[in-house]
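Read the structure below first, then the notes.
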Amino acid sequence: MLPGIPLFPEQASTLAPEVDNLYFFITAVTAFFALLVVVLVVVFAIKYRDKTGEKVGHPIHGSLPLEIGWSIIPFLVAMVIFVWATVVFFHIVRAPDQALEVYSTGKQWMWRFQHIDGQSEINELHVPVGRPVKITFTSEDVLHSLYFPAFRVKADAIPGRYSSLWFTATKTGEYHLFCAEYCGTAHSGMVGKVVVMEPDDYQAWLSGGGGLSLAARGEQLFQQLGCVGCHLGDGSGRGPSLAGKYGTEETLATGATVAIDDIYIRESILTPQMKLTAGYGPLMPTFQGLVTEEGVMSLIEYIKSLSSTAGPAAPTQASAPAPPPAASDNTGGPGE
Amino acid sequence: MTTTVLPRVNYLNVKHTVASWLLTKDHKRIGIMYLIVVSLAFLIGGIFAALIRVELTTPLGDLVSDDTYNKLFTMHGVAMVFFVLIPAVPAILGNFALPLMIGAKDVAFPKINLLSWYIFVIGFLFTIAAGILGGVDTGWTFYTPYSSVYSNSNVLLTGIGIFIAGFSSILTGLNFMVTIHRMRAPGMTWFRLPLFIWALYATSLVQILGTPVIAITVLMLAVERALGFGFFDPRLGGDPVLFQHLFWFYSHPAVYIMILPPMGAISEVIACFSRKSIFGYSFVAFSSLAIAVFGFLVWAHHLFVSGISPYSAMVFSFLSFAVAIPSAIKTFNWTATMYRGAIWWQAPMMWVFGFMGLFLIGGLTGLFLAALGLDVHLHDTYFVVAHFHYIMVGGAIMGYFAGLHYWWPKMTGKMYSNSAATLAALLVFVGFNLTFFPQFIVGYLGMPRRYHAYADEFQVLNVLSSAGASIMGVGYTLIACYLLYSFFKGKDAGPNPWRAVGLEWETQSPPIPENFTEQPIVTAAPYGYETRESNVG
Amino acid sequence: MADGLVAHVDSHEHGEAHHPDLQHHFETLGQQHEAATLGMWVFLVTEVMFFGGLLMAYLLYRVWYPEAWAEGSLELDIVLGGFNTVVLIGSSLTMALAVRAAQTGLPKATVRWLLLTMALGLTFLVVKFFEYKHKWDLNHIPGENFTFEGPHAPQVEIFISLYFALTGLHALHMVIGFGILSVITWMAHRKRFTPEWSTPVELSGLYWHFVDIVWIFLFPLLYLVDRVHQLN
């Protein structure tokens, strides 16, 4: 059973109508110019046709006013499109403050989504309707691109960097999720669906998953990797205290200051010597290869969760062995 | 009119040995040699395209494996971009016509010209070898780190092939630039140059400034892949996006290597078959230069969702809109040229009509992609595929065929069937639109490019595409048939079958090896159609 | 056809004898010389762009990883690098003198200066070889076996990769230049150049100077990143 020819994708986010209105406007403008030229070419070709090839044309060599006119008018039209499109673009790239955060990693050939509350899912993403959702993601291998056509948003996943995109879904239902950047053999299999749910259903879904929250998992990792031995909560350790640091600024050994955000924390875990905090020696080893991208994300979430008063717990020696880092594959989402 | 009897000897029959071809320094013969190799590459790339379209008639990905499919679209892209579109007009038509049109005996460096051809063939052979030994699956864009680390296919051989072929393009550009500067006939001032020459000049500028950058970029990729050097490797702190910047610093201007020369050919043909001077000659000439220069400032519009800063995206978006204006100027001037002309419906003009329609759509859909807010949705979807095929095939290939049909009687001395050529133009035009117009829609629906299997709702549009491609295939086959037939059995065309103005039409067809029996001296602007003796229409 | 576009004149002005070096498609030696010179300059522009890709990578990573750049640069031997800089500047002088000698019709002097230029070029390459060998012995060759002690080892590997790419590409140009000069020297020895026609010598001179200038940029970019700390 073939459906009719679809002409237009579903609008399922607050951004979608903005993008579509721009699309209609540009379509109208370009259709006007295209028709103008095509009609003129056809009319001239027929009206001035000479079957013999013997005649010659009128000696017309140009017209400065015309040249200026058809340079300036298209330019002005283009500028209208430019301004409009740029405004829409900044709406797309600037996530609202109170967005629901989801972490994601792409790898050949699947998307893994990690909710703050602990659920993780593969090639499927459950989100509530009517609430901004911000996805922060990276790649573990090659370039990928996270693409939600129904929401009109997309961004590349780049190894070694964090990208993000956001949307507020406006309609419940299931929509496509694609990898848009070519990533090798099963590129076209790196697809899935995003499930937009009523807030109540979403809460039910969330609580049905079980497993530790992302921050709790980060805390486990923090202990297990031995971070806690140096980064004492009161600042007396060999490393700086991390309590209440997220979102503030840090002075580096070089005298420069750096904003403490996801990217800086990631760098500090993987290449700790690159940007040393003032007053601390280059003692921290690199954790490259010891912690996965998801592990890093959980650590970031843990550090975020530390308020300035409650520092990380003291090292609990000889405690029961913690679960392996980011061994979260057993906490697959309940969406199956 | 001079009454001297023209010699029977011409550049084709002056010698018949294979060595006389392989060692020739005659720009006309080198043009023919390019024609042969490029046509072969077009055939190979076309077969890949056909297989892609057959695969995509069903959403399941059931004809070939995903790996094979990835290799098909990669090799289609490599063959078509580096071995068809880039050399087609400059190396075939430019080589043949440039010295004739400026009244020179040859290009400035005939030996280097022959060397360019050999370099091109060697690069082509490397790429063919990569295909025979199992193919390459990175996409023609070779994005790192997939190409440098993860891909298990023949990236190195293909890269070397492209690297080598790049030098052919550089040397051709160098040769043309020096030729236009130093080899013009007496009286052939800059503003008496035909617009095809202006277009070739702008093209050589891009070839000279851009191609070395892709050469070094591919080299860096090869060294990283083969020896483990770190230039783009994220594990060392390298930046895969740097590769994209370097790649597109060439590959966007390369679009203008592909489209400017066909635009030049269009100017020649449209003037000839409208029997009029080109409207706004200097605007058309300078718009070529403007495109070449602005073309270097827009590369990052391929990276709007690749993690560049939104503010730099804004600048590149603005510049991308700006570069659209010179193309618009050209289109308006061509249209105005036809106004009150005496339009002679011959085959080359049919290709011009096709070009006008398709290039218009290709150019205008570029505005969708330059628009930041919209590009986020459209980037890496079939909308992009449709857009650049409208430019590259609808623009460059249609322009190439317009030029080839225009100069064919000069190149071979023979005339092809006008009705067959008109039919072919119609088939290609209709087939092309049926192939690629649905892809705009399927792209806006969200179908990503380079997908081997796809969601069911995209199928109808994909079937339309595949149907259109088969019509286009018939059209291209028809061209090969009647052109080959005309070469062997066609009627003699005579020196100037179109009654065109221009130095290349002053000599016999095919021209003598040294082009002109006497050194031509130019005394007037090009396209003096109106001042001829016929009755003004 | 009375189109008035072109007139024909006899191009062979018989007063002027054909110079043996004049190729058939040029009208005069002057035109041939101008074309060749312009061609060389255009070629050098392509060369600039060729190095430009690598320099762009250099610039980006230097801004990103200044400490790694300082560490990597200190690994390079400034004495050998400085010596090579002097050698190359000297070879530019001898090359200029060779061109001058060719233009003034002194074949023996031309040969002498060319040989000296080649000797200096060879010196440069020999020194470069020992610098490379030193890196090899220390396992400072980028790739799987790269070893480097220091806090920024991965980024230093990028620096060293760029070092090898830039200097290797430059050395390749030196080798090609050496080959060109060998041919030119042989031609000069056969007295093929006259004050009227010495274009090949001039063009090889242009190429040689270009290769020197590339080094003048590479030396500070690679060897002198953070030497100020050494001085203090």
Side-chain angles (χ1 to χ4, degrees), chain B residues 1-2 99 103-110 112 170 173-175 177-179 181-183 186-187 208-213 215-217 219-220 223-224 227-231 233 235-239 242 245-246 249 501-503 506 514 517-524 526 528 531-533, chain C residues 1-12 23-27 31-43 45-58 60-61 64-65 68 141-146 152-162 164-165 168-169:
Chain B
M1 180 159 178
T2 45
K105 287 185 190 136
D106 206 322
V107 293
F109 310 112
I112 291 178
I170 292 174
L174 185 153
N175 222 332
M177 175 166 279
V178 175
T179 305
H181 268 281
R182 295 282 181 247
M183 309 293 284
I208 285 161
L209 293 175
T211 316
V213 178
I216 192 70
T217 308
L219 195 63
M220 285 160 87
V223 171
E224 177 155 335
L227 306 176
F229 275 40
F231 299 116
D233 190 347
R235 289 169 306 184
L236 300 178
D239 185 11
L242 173 67
H245 279 287
L246 291 175
F249 181 82
V501 175
L503 287 182
E506 299 282 316
E514 54 275 18
T517 44
E518 299 163 327
Q519 168 72 60
I521 292 191
V522 182
T523 54
T531 51
R532 290 206 306 201
E533 79 273 31
Chain C
M1 236 191 317
D3 56 14
L5 176 70
V6 290
H8 292 284
V9 293
D10 189 353
S11 66
H12 296 288
Q23 292 171 294
H24 81 281
H25 59 294
F26 290 110
E27 290 299 312
Q31 185 193 23
Q32 183 174 336
H33 176 81
E34 282 177 8
T37 311
L38 180 64
M40 194 61 190
W41 278 108
V42 172
F43 176 72
V45 169
T46 71
E47 289 277 34
V48 171
M49 297 307 290
F50 195 61
F51 279 93
L54 280 170
L55 291 174
M56 183 62 225
Y58 173 96
L60 175 78
Y61 293 131
W64 280 11
Y65 307 123
I141 308 291
E144 298 216 329
N145 299 321
F146 181 81
H152 305 105
Q155 291 79 38
V156 172
E157 188 174 343
I158 299 181
F159 174 83
I160 300 282
S161 296
L162 283 167
F164 274 106
L169 203 59

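Here is the naming used below: chain letters follow the sequence lines, and residue numbers restart at 1 for every chain. The structure presented is a predicted model; accordingly, all values stated were derived computationally and were not measured.
Residue Leu54(C) holds its CG atom at 7.5 Å from CG of Leu219(B), rounded to the nearest 0.5 Å. With rounding to the nearest 0.5 Å, the separation of CD1 in Ile208(B) from CE in Met49(C) is 11.0 Å. Here the CD1-CD distance, from Ile216(B) to Glu47(C), works out to 10.0 Å after rounding to the nearest 0.5 Å. To the nearest 0.5 Å, the span separating OG on Ser161(C) from CD on Glu224(B) amounts to 8.0 Å. Note that CG of Leu38(C) and OG1 of Thr179(B) are 9.5 Å apart. Values are rounded to the nearest 0.5 Å.
For Ile158(C), the parts lying near chain B are the backbone and the side chain together; criterion is any non-hydrogen pair under 4.5 Å. With a 4.5 Å cut-off on non-hydrogen atoms, Asn175(B) does not touch chain C at all. Residue Trp41(C): no heavy atom, backbone or side chain, is found under 4.5 Å from chain B. Neither the backbone nor the side chain of Ala104(B) comes within less than 4.5 Å of any heavy atom in chain C. For Phe43(C), the parts lying under 4.5 angstrom from a heavy atom of chain B are both the backbone and the side chain. Only the side chain of Leu246(B) comes within contact range of chain C, judged by heavy atoms closer than 4.5 Å. For Tyr65(C), the part lying near chain B is the side chain, with the backbone staying farther off; criterion is any non-hydrogen pair under 4.5 Å.
Checking Glu27(C), Gln23(C), His25(C) one by one against Lys105(B), the side-chain hydrogen bond (donor to acceptor under 3.5 Å, both in side chains) holds for a single residue, Glu27(C).
Side chain of Gln155(C) to main chain of Leu236(B): a donor-acceptor pair is present (N/O by atom type, distance under 3.5 Å, no hydrogens or angles).
Your options are Ala36(C), Gly52(C), Gly39(C), and the one with the most heavy-atom pairs under 4.5 Å with chain B is Gly39(C). Highest contact tally toward chain C, considering only Pro110(B), Gly210(B), Gly173(B), is held by Pro110(B) [criterion: heavy-atom pairs under 4.5 Å]. Of the listed residues (Leu227(B), Asp106(B), Leu242(B)), the greatest number of heavy-atom pairs within a distance under 4.5 Å of chain C belongs to Leu242(B). The greatest number of non-hydrogen atom pairs below 4.5 Å with chain C, out of Met177(B), Met183(B), Met220(B), is found for Met183(B). Chain B forms the most heavy-atom pairs under 4.5 Å with one residue out of Leu169(C), Ile141(C), Val48(C), Leu60(C), and that residue is Leu60(C). Between chain C and the residues Leu209(B), Ile112(B), Ile170(B), the most heavy-atom pairs under 4.5 angstrom are made by Leu209(B).
Here the closest non-hydrogen pair linking Ala165(C) and Phe229(B) is N-CE2, 4.4 Å. In terms of heavy atoms, Glu157(C) sits closest to Gly228(B) at OE2-O, 3.8 Å.
Between Val223(B) and Phe164(C), every side-chain heavy-atom pair lies at or beyond the 4.5 Å cut-off.
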